[in-house]
Number of protein chains: 2
Amino acid sequence: MTRRPGEIPLLIAMAFRVMTDQLHAGIEAEGREPLRPAHGYTFRFLLGRDDATTVDLADHLGVTKQAASKIVAELEGWGYVERRPHPTDGRARVLGLTAKGRTYVEHADELWRQAEDRWASIIGADRLDRLHEDLRAFVDASGGRAALRPVW
Amino acid sequence: MTRRPGEIPLLIAMAFRVMTDQLHAGIEAEGREPLRPAHGYTFRFLLGRDDATTVDLADHLGVTKQAASKIVAELEGWGYVERRPHPTDGRARVLGLTAKGRTYVEHADELWRQAEDRWASIIGADRLDRLHEDLRAFVDASGGRAALRPVW
DNA sequence: CGCATTAGTCAACCGAATTGACCATATCAG
DNA sequence: CTGATATGGTCAATTCGGTTGACTAATGCG
């Protein structure tokens with residue numbers, strides 16, 4: 001088969017767009033704060049670790065600590081995230097999800113599941129699983145953790 | 001298999017990042033103008049049609065006509081694109097690739113091929129083909145042509 | 001102890017988009 | 001044919017999300 005070169009990245013960009021748009025539509029319909037993908041990735045990051053600082057988040061997102069700090073401030077203002085003093089380091093603040101934050105993540109997971117299910121219903125769950133593996137393999141092989149950043 | 005919900009979009013974003021970064025590295029190494037993804041998509045769009053106006057491009061990219069106009073102006077300044085008067089519509093200008101623009105596209109195709117080959121060498125060409133189909137199926141089923149826009 | 005490093009903030013700036021106002025040409029209804 | 005409306009394009013101001021740079025305060029290693 002002859003793939004047109006450059007088509008895969010284009011399709012990837014579009015697929016990402018479609019999925020996030022679907023999620024975003026779901027969120028907006030609920031009259032929620034204007035949460036952006038970066039916020040979602042922040043939630044997911046904080047779920048995993050309970051000792052993360054703003055600098056850690058910045059590193060994870062692939063942005064400067066100032067930018068990460070802004071994001072955190074926003075989320076804190078909306079009550080999704082809280083900053084607690086670090087137990088041992090007087091300079092640092094430990095980030096954590098509030099109850100509201102955790103509730104939101106569960107809700108978002110449901111929406112993601114729906115988006116993924118839509119895709120699965122088109123190509124089949126097994127192929128979606130394989131696609132998942134292939135994406136993972138490519139990303140892992142390419143330095144493991146690509147910056148998440150704005151994409152153009 | 002239990003996929004973690006929300007992981008696929010994350011991986012998609014990362015995969016896109018990785019591919020475009022690889023391409024960008026190739027371009028930059030050649031001391032070329034700072035071409036961005038939007039420029040690439042513009043080239044690809046103009047290759048297909050020879051009667052496109054700035055408004056058409058804006059629609060394709062999913063941005064305002066002002067934004068598209070800036071992109072075109074930039075590309076025109078670098079000699080990749082030219083604006084000719086529209087044969088029948090006195091307001092409009094027809095966009096077209098210059099020889100330099102077409103040469104560039106061929107070159108970019110080569111770089112894309114390389115990026116895709118890298119992926120194929122990891123997961124196998126047949127799986128990449130299938131992945132390509134699956135992306136296409138999803139995008140087509142979701143309104144066919146998602147806006148290309150900034151992705152977060 | 002002293003000095004380089006690090007977490008975080010404040011402020012200025014930047015790039016790439018947006019909105020809004022506008023002009024000139026096209027198109028359509030009467 | 002003419003007048004109203006829609007459309008392609010430009011100019012200017014603003015917005016948004018990020019960056020760079022300078023700084024403070026706490027850390028931790030020699």
Side-chain angles (χ1 to χ4, degrees), chain A residues 13 17 20-21 24 28 33-42 45-46 49-78 81-96 147-152, chain B residues 13 17 20-21 24 28 33-42 45-46 49-78 81-96 147-152:
Chain A
R17 251 326 258 203
T20 53
D21 281 355
H24 196 74
E28 203 164 12
E33 293 91 352
L35 292 165
R36 283 165 283 128
H39 297 129
Y41 294 140
T42 299
F45 176 66
L46 294 182
R49 359 188 355 180
D50 62 345
D51 60 340
T53 68
T54 301
V55 171
D56 294 333
L57 174 63
D59 189 56
H60 175 71
L61 294 178
V63 299
T64 59
K65 57 183 179 175
Q66 293 93 325
S69 183
K70 272 189 199 177
I71 290 172
V72 170
E74 221 170 11
L75 290 177
E76 193 181 24
W78 291 332
V81 164
E82 57 185 3
R83 281 189 266 209
R84 287 185 297 273
H86 192 285
T88 68
D89 189 332
R91 299 164 300 177
R93 312 290 219 98
V94 174
L95 305 179
L148 250 36
R149 292 251 228 137
V151 132
W152 109 22
Chain B
R17 247 332 254 204
T20 53
D21 282 354
H24 196 74
E28 201 164 14
E33 294 91 351
L35 293 165
R36 283 166 285 126
H39 296 128
Y41 294 139
T42 299
F45 176 66
L46 294 182
R49 359 187 355 180
D50 63 344
D51 60 341
T53 68
T54 299
V55 170
D56 294 334
L57 175 63
D59 188 56
H60 175 71
L61 293 179
V63 299
T64 59
K65 57 184 179 174
Q66 293 92 325
S69 183
K70 272 191 198 173
I71 290 172
V72 169
E74 221 170 13
L75 290 176
E76 191 180 27
W78 291 333
V81 164
E82 57 186 3
R83 280 189 266 210
R84 287 185 297 273
H86 192 285
T88 67
D89 189 331
R91 300 164 299 176
R93 312 289 220 97
V94 174
L95 306 178
L148 251 36
R149 294 252 227 143
V151 132
W152 112 20

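Not measured: the values here are computed from a predicted model. First the proteins, then the strands, lettered A, B, ... as listed; each starts at 1.
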Q: Whole angstrom is fine here: how far is it from CD in A:Glu76 over to P in C:dG8?
A: 12 Å
Q) Taking the nucleotide of DNA chain C with the closest heavy atom to each, which residue, B:Glu74 or A:Ala92, is nearer the 5' end? A) A:Ala92
Q: Determine: side-chain N/O of A:Ser69 to OP1/OP2 of C:dT9, distance under 4.0 Å, yes or no.
A: yes
Within the sub-3.5 Å range, which N or O atoms of nucleotides 11-15 of chain D have a protein N or O partner, and how far apart are they?
none

Q: Answer whether the closest heavy-atom distance between the side chains of A:Phe45 and A:Leu61 falls below 4.5 Å.
A: no
(Q) Using heavy-atom distances to pick each residue's nearest nucleotide on DNA chain C, tell me which of B:Ala67 and A:Arg83 is more 5'. (A) A:Arg83
Q: With sequence neighbours left out, write down each residue that passes side-chain contact (heavy atoms from CB on, under 4.5 Å) with B:Asp51, or none if nothing qualifies.
A: B:Arg49
Q | Side-chain heavy-atom pair A:His24, A:Thr20 within 4.5 angstrom cut-off | A | no
Please table the atom pairs, donor to acceptor, closer than 3.5 Å between any side-chain atom in residues 67-78 of chain A and protein atoms at least two apart or in another chain.
from	atom 1	to	atom 2	distance (Å)
A:Glu74	OE1	A:Arg36	NH2	2.8
A:Glu74	OE1	A:His39	NE2	3.0
A:Glu74	OE2	A:Arg36	NH2	3.4
A:Glu76	OE1	A:Arg83	NE	3.1
A:Glu76	OE1	A:Arg83	NH2	2.8

Q) Within this structure, what is the CG-to-C1' distance between A:Asp59 and C:dG8, rounded to whole angstrom? A) 16 Å
Q: Round to a whole Å and report the spacing from CG of B:Leu35 to C1' of C:dA16.
A: 16 Å
Q. When rounded to the nearest 0.5 angstrom, what distance separates NE2 in B:His86 from CZ in B:Arg84?
A. 11.0 Å
Q) Roughly, in whole Å, what's the span from CG in B:Leu75 to P in C:dA16? A) 12 Å
Q. Rounded to the Å, how far apart are B:His39 NE2 and C:dA16 C1'?
A. 10 Å
Q) A:Thr64 side chain N/O closer than 4.0 Å to the phosphate oxygens (OP1, OP2) of D:dG18? A) no
Q | B:Asp56 CG to D:dT7 P, straight-line distance once rounded to whole Å | A | 13 Å
**Q.** 5'-most by nearest nucleotide on DNA chain D - A:Ile71 or B:Thr54
**A.** B:Thr54
**Q.** Option from A:Thr53, A:Thr54, A:Thr42 for which side-chain contact (heavy atoms from CB on, under 4.5 Å) with A:Leu95 holds
**A.** A:Thr54
**Q.** Residue A:Arg93, side-chain heavy atoms: nucleotide from C:dT9, D:dT19, C:dG8 that is nearest
**A.** C:dG8
Q) NA contact type, B:Thr53, heavy-atom cut-off 4.0 Å: base, sugar-phosphate, or nothing? A) sugar-phosphate
Q: Kindly point out which of D:dG18, C:dA16, C:dG8 is positioned nearest to the side chain of A:Arg36?
A: D:dG18
Between the protein and nucleotides 26-28 of chain C, which nitrogen or oxygen pairs are less than 3.5 angstrom apart?
from	atom 1	to	atom 2	distance (Å)
C:dA26	OP1	B:Gly90	N	2.3
C:dA26	O4'	B:Arg91	NH2	3.4

Q) Tell me: CG of B:Leu57 to P of D:dG8, nearest whole Å? A) 13 Å
Q: Calculate the interatomic distance between A:Lys65 atom NZ and C:dC10 atom C1'; express it in whole Å.
A: 12 Å
